[in-house]
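Report on the structure given below.
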Amino acid sequence: MNKQSDKWNLAFRASNVLIGALLGLALIYVIQNEVNWSVLLGALTAALILAGINVIKVRMTRGAFPNSNEGTDKHVLKFCFISSHILLGVLFIALSILNFLGVEEVSISILWCVMIGYVLINGIVIIVISRK
């Protein structure tokens, strides 16, 4: 592939996602005579996010990020590996303790908050590690 089409690869994928969702919705409309709007809105959201990331990636200058050495990369990978395993261990222990205490249902929103918190804290620590 040439360089120009290689730059806009994500935007091309986004358009394919949107076309595939529209074809799928048309097929479902022909078979069941109903339209699921949530599928269209989800595909549109995904396509806009992918296209936005691609535009930012293409327009960003090459000198915006500092070069990192192999030691820093090794430390970042080691931190990501260890922190993800620690998070999974803590989640399993917490869920088993809740199970022993008799809690039968755990809200999914609490689990999502834990995951988003993990990603935020992990990102901040990786930025700190990569700056050193």
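Values below: every heavy atom of this structure, side chains too, minus hydrogens, waters and symmetry copies.
Residues passing the side-chain contact (heavy atoms from CB on, under 4.5 Å) test with Ile49 are Thr45, Ile53, sequence neighbours excluded. Phe100 pairs by the ring pair (Phe, Tyr, Trp, His ring centres under 6.0 Å) definition with nothing, not counting sequence neighbours.
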Would you sort out whether Val119 and Met115 count as a side chain to side chain contact (heavy atoms under 4.5 Å, CB included), showing the intermediate values? CA-CA 6 Å; Val119 170; Met115 291 302 294; 5.7 Å; no
Would Ile28 and Val39 satisfy side chain to side chain contact (heavy atoms under 4.5 Å, CB included), going step by step from the backbone distance to the final call? CA-CA 11 Å; Ile28 290 174; Val39 173; over 6 Å; no
Set out, in order, the CA-CA distance, both residues' side-chain angles and the distance that settles side chain to side chain contact (heavy atoms under 4.5 Å, CB included) for Ile126 and Asn122, then state yes or no. CA-CA 6 Å; Ile126 287 174; Asn122 202 11; 3.9 Å; yes
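When all heavy atoms are compared, the tightest approach of Ala14 to Leu50 is CB-CB, 3.8 Å. When all heavy atoms of Tyr118 and Cys80 are compared, the closest pair comes out as OH-O, 4.1 Å. Minimum heavy-atom separation, Asn54 to Ala11: OD1-N, 2.8 Å.
Put simply, Ile121 and Val90 are part of two different groups of oily side chains (I, L, V, M, F, W, Y) that touch within less than 4.5 Å, one to the next.
For the pair Val114/Leu87, a side-chain contact is recorded, criterion being any heavy-atom separation below 4.5 Å from C-beta on. For the pair Leu22/Leu40, a side-chain contact is recorded, criterion being any heavy-atom separation below 4.5 Å from C-beta on.
Taken from CG in Leu98 to CD1 in Ile110, the straight-line distance is 8.5 Å, to the nearest 0.5 Å. Note that CG of Leu27 is 8.5 Å distant from CG of Leu23, once rounded to the nearest 0.5 Å. Note that CG of Leu91 and OG of Ser96 are 10.5 Å apart. Values are rounded to the nearest 0.5 Å. Atom CH2 of Trp8 is separated from atom OG of Ser15 by 12.0 Å, given to the nearest 0.5 angstrom. In this structure, Phe81 CZ and Ile86 CD1 are separated by 10.5 Å, a value rounded to the nearest 0.5 Å. For the atom pair CD of Glu104 and CG of Asn99, the computed distance is 8.5 Å after rounding to the nearest 0.5 Å.
A 6.0 Å sphere centred on CZ of Phe12 holds no more than 12 heavy atoms belonging to other residues, nucleotides or ligands.
For residues 16-37, the set of pairs meeting the side-chain hydrogen bond (donor to acceptor under 3.5 Å, both in side chains) definition, not counting sequence neighbours, comprises Asn36-Ser38.
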